[in-house]
Amino acid sequence: MSHILLFVTAKSAEQLALQLINGDLTTNPKWFALAETCLVETTEVSGRNSVFTDNVKDGIVLDNEFLGASEDECQTWALEQMDRFSFLDRDFIVILDERSAAEGTVLVKYFHDFPSFELEWANGPLPPRRYEWYPFRIAYHEIPEVHHDLLFAPPLDTYPVYFELSQYFTDENGIFNVQQAYQFQLAVSNLSQID
């Protein structure tokens, strides 16, 4: 079973975190790849149950040491712990921040740590740099699609959209439109089948 680290860095985003932890996304057909989210509550690691919360009852107040944490602090903690807990998805975290509550968006971070793909038509390897975090601000209900696209879909199908053409699917507020990107992928796929 796959688990994604969920960091809540703003008190205002806790309600959205509760929704995600308690399965708000389980109706999404791509959710098979993302069976659980694990809220990271503490920076001190002594065992799985002392660090992660994956089911919260209504009315429970979250005990969260990451309130006010920076993206870098979340990323650093994730990289340090991913090898320690085999049930965690590697290279993928979700951060709920001030914008999350106001906009219904989350910051998805993907860590690329293997050789990039060289595509004939691309402006270099995709993703461009190894050992780097790539951010995507998306609508929270689109987490399963991005998780699937970056970790499970064929890279030749998805990497061009996320790493070469992402500016065409990102609005003036910095929100990546996953549905537009998916429609583009379908159109390209259909064109390639005609040839």
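With sequence neighbours excluded, the residues satisfying ring-ring contact (aromatic ring centres under 6.0 Å, His included) with F114 are H112. L79 is linked by a side chain to side chain contact (heavy atoms under 4.5 Å, CB included) to F111, W133, counting only residues two or more places apart in sequence or in another chain. For the side chain to side chain contact (heavy atoms under 4.5 Å, CB included) test, residues two or more places apart in sequence or in another chain that qualify with S70 are D72, E73. Applying the side chain to side chain contact (heavy atoms under 4.5 Å, CB included) rule to E103 yields the partners R99, T105, R137, I175; only residues at least two apart in sequence or on another chain are considered. Applying the ring-ring contact (aromatic ring centres under 6.0 Å, His included) rule to Y159 yields the partners F117, F163; only residues at least two apart in sequence or on another chain are considered. Residues that satisfy the side chain to side chain contact (heavy atoms under 4.5 Å, CB included) test with A101, not counting sequence neighbours, are S12. Contacts of Y162 classified as side chain to side chain donor-acceptor pair (under 3.5 Å), with partners at least two apart in sequence or in another chain: D149. Not a single side chain to side chain donor-acceptor pair (under 3.5 Å) links E80 to another residue, sequence neighbours left out. For D157, the side chain to side chain donor-acceptor pair (under 3.5 Å) test picks out no residue, with sequence neighbours left out. Among residues two or more places apart in sequence or in another chain, the side chain to side chain donor-acceptor pair (under 3.5 Å) test is passed with R130 by none.
Rounded to the nearest 0.5 angstrom, W77 CH2 and E65 CD are separated by 10.0 Å. Taken from NE2 in H141 to CG in L20, the straight-line distance is 11.5 Å, to the nearest 0.5 Å. With values rounded to the nearest 0.5 angstrom, H148 atom NE2 is found 15.5 Å from I143 atom CD1. Note: K11 NZ to E98 CD = 12.0 Å, rounded to the nearest 0.5 Å. One finds the CZ atom of F184 at 15.5 Å from the CD atom of Q179 (value rounded to the nearest 0.5 Å).
Pairs passing the salt bridge (charged side-chain N to carboxylate O under 4.0 Å, His left out) check and including a residue from residues 105-116, sequence neighbours excluded, read E71-K109, R90-D113. Every pair tested for side chain to side chain donor-acceptor pair (under 3.5 Å) that includes a residue from residues 167-178 fails, sequence neighbours excluded, so the list is empty.
Taking every heavy atom of both residues into account, L67 and A10 meet most closely at CD2-C, 3.5 Å. Listed here is the closest heavy atom pair of L6 and A17: CD2-O, 4.3 Å.
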Go through the steps for N64 and F7 under the test side-chain contact (heavy atoms from CB on, under 4.5 Å), then give the verdict.
CA-CA 9 Å; N64 180 5; F7 294 89; over 6 Å; no
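In this structure, the side chains of V8 and F66 stay at 4.5 Å or more apart for every pair of heavy atoms. In this structure, S100 and Y140 have side chains that are not in contact, with every pair of non-hydrogen atoms separated by 4.5 Å or more. Residues L126 and P160 meet the side-chain proximity criterion, which asks for heavy atoms closer than 4.5 Å. Counting only heavy atoms from C-beta outward, the side chains of H147 and V94 never approach each other to under 4.5 Å. Contact of the V106 side chain with the D97 side chain is not registered, since no non-hydrogen atoms from C-beta on lie closer than 4.5 Å.
Counting only distance, with no hydrogens or angles, the side chain of T9 and the backbone of L96 share a donor-acceptor pair below 3.5 Å.
A side-chain contact (heavy atoms from CB on, under 4.5 Å) with F136 is found for one member of V178, L150, L107 and no other, namely L150.
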